[in-house]
Amino acid sequence: MLPDDPVDGAEDIDAAAEDCDLVHASVGDRVPGVATVTIDRPDARNALNAQVRRELKDIAAAVAESDVRVVVLTGADEAKAFVAGADVGEFRDRSALEQREISKRPRVYEVIDDLPQPVIGRLNGHALGGGCELAQACDVRIAHKRAKIGQPEINLGIMPGGGGTQRLPRLVGEGQAMRLILSGDLIDAAEAREIGLVDIVCGDAEELDEEVYGLAESMAEQSPVALELAKTAVKAASRTDLEQGIEYEAELFAQLFGTADKNEGIDAFFEDREPEWTGE
């Protein structure tokens, strides 16, 4: 059941967003319990400069501490892009030592990947370079058919540096990842769906929102603690071997048997009613 009361921590998210110029956030505007985080830099097609990365991390920190159940991450529609890449203008005069300092973790990619809530990437347009890597850090990717997606860094004499060489092979396989990363070629949303880089492709903005927020609502209706542990278990599948993953899943499964939500879910099943989750 979706929460009726205001989400605990929503005021902190609003406060964090008020301090930001290029990233916005709202809670419950479309679906109760769902936060929408929007990168809004249309003059640069939502490119990830230092300010965007800093503001996105600040808002994500507030989201992580809140009772928000699901996050939708998107780009401002005015830009017709999710994120059209990193801000290349920041690269030209940067030394190797400076880049090593900037690359210290957690970067924005790890911050999004590590959020306890499920994150749906609403790819309203191009997701290129760092934007493609940011999309890969989301848990589910739903794209507008106009989106172009890829890792064109090789065309600049560099390579993906935000996790693309690691997350992309896990999503699409080593061969497809090699093809995209080593050629710098862009693919359309339909092909991205075929190879597993995106999960759903939508024909227009209305369908995109229906798919994104319909899925967000389906997730937000579930137990918050079960959502978090289930996400954690699925993430482990690509980061451990099979035996370790199965052991980890069993441990997380057992932990849920110590929660009030497990008892509520089973009681609601037998009483033929909607469960009222507490997240405990």
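Keep in mind that the numbers below use all heavy atoms, side chains included, and drop hydrogens, waters and symmetry copies.
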Qualifying residue for side-chain contact (heavy atoms from CB on, under 4.5 Å) with Val119, from Val63, Leu73, Val37, Asp114: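 The option that passes is Leu73.
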
Single hit among Ile266, Thr278, Leu227 for side-chain contact (heavy atoms from CB on, under 4.5 Å) with Asp261: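 It is Thr278; the other options fail the test.
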
Would you check if the side chain of [X] reaches a backbone N or O of [Y] as a donor-acceptor pair within less than 3.5 Å?
X	Y	result
Glu78	Pro42	no
Glu264	Glu276	yes
Glu228	Pro116	no
Gln136	Leu168	yes
Arg146	Gly125	no

Within the structure provided, determine whether [X] and [Y] are in side-chain contact (heavy-atom separation under 4.5 Å).
X	Y	value
Leu134	Leu56	yes
Glu11	Pro6	no
Arg141	Leu171	yes
Val34	Ile120	no
Lys148	Asp188	yes
Cys202	Ile142	yes
Met219	Val140	yes

Linked hydrophobic residues, Val225 as query - side chain contacts closer than 4.5 Å: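 Its cluster mates, by chain and number, are Leu229, Tyr248, Leu252, Leu256.
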
Side-chain donor-acceptor pair present, Arg54, Gln51, cut-off under 3.5 Å: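 Gln51 and Arg54 do not have a side-chain donor-acceptor pair below 3.5 Å.
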
Does [atom1] in [X] sit with more than 12 non-hydrogen atoms of other residues, nucleotides or ligands closer than 6.0 Å?
X	atom1	value
Glu65	CD	no
Arg100	CZ	no
Glu98	CD	yes
Gln255	CD	yes
Glu174	CD	no

side-chain contact (heavy atoms from CB on, under 4.5 Å) between Arg179 and Ile187, worked out: CA-CA 11 Å; Arg179 175 173 72 96; Ile187 59 175; 4.2 Å; yes

Identified side chain to side chain donor-acceptor pair (under 3.5 Å) partner of Thr74 from the options Thr38, Thr36, Asn46, Asn124: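 Exactly one candidate clears the test, Asn124.
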
Over all atoms of both residues, closest heavy-atom pair of Cys20 and Val23: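 Scanning both residues, the minimum pair turns out to be CB-O, 3.3 Å.
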
Taking every non-hydrogen atom, the tightest pair across Cys132 and Ala127: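 Looking at all heavy atoms of both residues, the closest pair is CB-O, 3.4 Å.
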
Salt bridge (charged side-chain N to carboxylate O under 4.0 Å, His left out) pairs, two or more places apart, involving residues 130-140: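 Residue pairs with at least one partner in residues 130-140: Asp139-Lys231, Asp139-Lys235.
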
Phe257: ring-ring contact (aromatic ring centres under 6.0 Å, His included) partners, not counting sequence neighbours: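 If we apply the ring-ring contact (aromatic ring centres under 6.0 Å, His included) test to Phe257, skipping adjacent residues, the hits are Phe253.
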
N-O pairing of Asp267 and Arg273 below 4.0 Å: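 Looking at Asp267 and Arg273, the cut-off is not met.
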
Pair Asp113 + Arg170: basic N to acidic O under 4.0 Å: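 Answer for the salt bridge query: no.
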
